[in-house]
Amino acid sequence: MSAPELKSATGGPRCLDATAHAALRAEFPLLETCLYLNNNSTGAVPRGAQGVLTGYWDTLRTWRDDVWQGWHEGLDRYADGLAAFIGAPPGSVVTDANLSTLLSRVASCFGYRPPRDRVVITDLEFPTVPFVWNAFRRYGARLDVVGTGGPDFDEDALLRRVDERTLLVCVPHASFSSGATIDLPRLVTRAHDVGALVVVDAFQSVGVMPLDVTALGVDVVLGGAHKWLCGVGTAFLYVRPDLAPALEPAATGWQAGDRALTFRPSTGWADGAQRFAGGTPFPLTSLVSQVGLDLLAGVGIAAIREHSLACTSRILARAASAGIAVVSPTEPHRRGGVVALDVPAGEAVKRRLAARDVICSWRGYLRVGPHVYNTLDEVDTFMDALEEELGR
């Protein structure tokens with residue numbers, strides 16, 4: 001599918017016209033099977049992935065070693081495509097199996113020597129983050145968890161805890177549970193003022209929210225393909241280009257070396273983010289995920305964000321009308337792509353909705369995550385079904 005034509009009726013961010021939006025929806029077979037508003041958990045995968053899978057099988061059944069050249073080119077293309085999508089230069093992004101692997105690799109770069117040995121996080125992280133940092137306590141890392149007392153971030157408390165003892169600040173761009181976002185420019189400024197580095201978990205924002213890592217000056221960004229990026233089974237790591245040469249991960253693999261593809265022993269590290277690579281890669285997930293990335297890049301993040309805000313605003317309006325408690329921030333600049341609703345017996349409600357082919361998710365709250373290929377009519381149909389289940 002070629003890039004959809006865009007238009008703007010307001011002079012603001014361009015939005016998809018009806019024809020282009022219908023063509024985009026047609027690329028996602030999942031939408032033909034159910035009302036799908038679970039993109040914050042697992043995004044829909046475009047039908048173009050089938051051709052990639054078929055091509056991969058054709059390679060496996062007629063194996064030739066020289067296929068690796070094309071696979072490496074595909075890996076590089078996807079990584080550089082992700083870099084462009086987040087405002088980063090080529091060579092500053094590397095991919096691997098999951099965020100846990102890449103975050104551990106970043107964590108292994110540091111010595112955690114007092115007095116600068118603290119890692120500041122919040123209590124609204126996805127479980128990966130505290131689990132990884134707790135493991136590095138054996139190497140001297142001192143974990144400092146900033147509580148919130150609720151579904152939103154206490155940013156003032158967070159900034160107060162970032163001081164000259166802080167080595168790293170590791171935060172989500174958007175909360176997986178509530179959709180609340182962090183004011184990253186403010187946090188980056190504070191951290192850099194005291195000599196700390198900022199690591200951002202953008203799994204719940206990249207693909208549905210703008211993120212320009214160069215303009216922001218953030219040090220490390222991690223994310224993954226299987227939610228808002230409409231891919232599968234791969235994660236990415238961005239490292240600020242001028243910072244990368246100073247970092248040497250202890251958790252590593254042969255593809256991080258400067259002579260890896262010559263199959264001779266490396267004498268140093270690869271340039272850029274490649275020094276954060278591991279062992280022999282599995283190319284299929286990046287090749288499949290390229291299809292979704294190309295579609296989203298063709299739409300553009302400004303149009304995606306505008307559409308997302310329109311959908312989530314409709315959820316908020318319908319929830320207010322029905323008396324359904326909203327957990328997510330209501331201000332557009334404070335929420336990501338998901339709206340969390342606090343409903344009685346929410347997990348059972350989620351299961352009953354799924355039995356009606358109306359799909360959302362439950363993580364302590366009922367989470368509703370429309371994406372650019374969803375419609376306002378689908379949002380209304382979802383809210384109608386939810387109100388029926390709640391007896392409203």
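- A donor-acceptor pair is defined here as one N or O able to donate and one able to accept, closer than 3.5 Å; no such pair exists between the side chain of R118 and the backbone of R142.
- Neither side chain, T381 nor D384, offers a donor N or O lying under 3.5 Å from an acceptor on the other.
- A salt bridge does not link E388 with R352: none of the charged nitrogens is closer than 4.0 Å to a carboxylate oxygen.
- Annotation for L309: hydrophobic cluster partners, listed by chain and number, are none (ILVMFWY side-chain heavy atoms under 4.5 Å, direct or chained).
- Salt bridge annotation for R190-D183: absent, with no cationic side-chain nitrogen under 4.0 angstrom from a carboxylate oxygen.
- Relative orientation of the F176 and F126 rings is perpendicular, given thresholds of 30° and 60° on the angle between their planes.
- Aromatic ring orientation, Y56 versus F282: perpendicular (interplanar angle above 60°, classes split at 30° and 60°).
- Under the 3.5 Å distance criterion, with hydrogens and angles disregarded, a donor-acceptor pair is assigned to the side chains of S361 and R367.
- A salt bridge links D152 to R334: at least one charged side-chain nitrogen sits closer than 4.0 Å to a carboxylate oxygen.
- Between R64 and D66, no side-chain nitrogen of the basic residue sits less than 4.0 Å from a carboxylate oxygen of the acidic one, so the salt-bridge criterion is not met.
- Salt-bridge annotation for R186 and D156: present, with a side-chain N of the basic residue lying under 4.0 Å from a carboxylate O of the acidic one.
- Not a single salt bridge (Lys or Arg N to Asp or Glu O under 4.0 Å) links D201 to another residue, sequence neighbours left out.
- Ring geometry, H307 versus H21: the interplanar angle falls from 30° to 60°, so the pair is classed tilted.
- Between R61 and D58 a salt bridge is recorded (basic side-chain N to carboxylate O distance below 4.0 Å).
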Report task. Go through Q204 and W228 one step at a time and tell me if the side chain to side chain contact (heavy atoms under 4.5 Å, CB included) criterion holds. Result -> CA-CA 7 Å; Q204 277 291 355; W228 303 107; 3.0 Å; yes
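- Remark: D65 pairs with W63 by the side-chain contact (heavy atoms from CB on, under 4.5 Å) rule, at least two apart or across chains.
- Between W68 and H72, the angle of the ring planes lies from 30° to 60°, which puts this pair in the tilted group.
- Under a 3.5 Å cut-off, the side chain of S308 and the backbone N or O of H371 do not form any donor-acceptor pair.
- A donor and an acceptor atom, one from each side chain of T122 and E125, are located under 3.5 Å apart.
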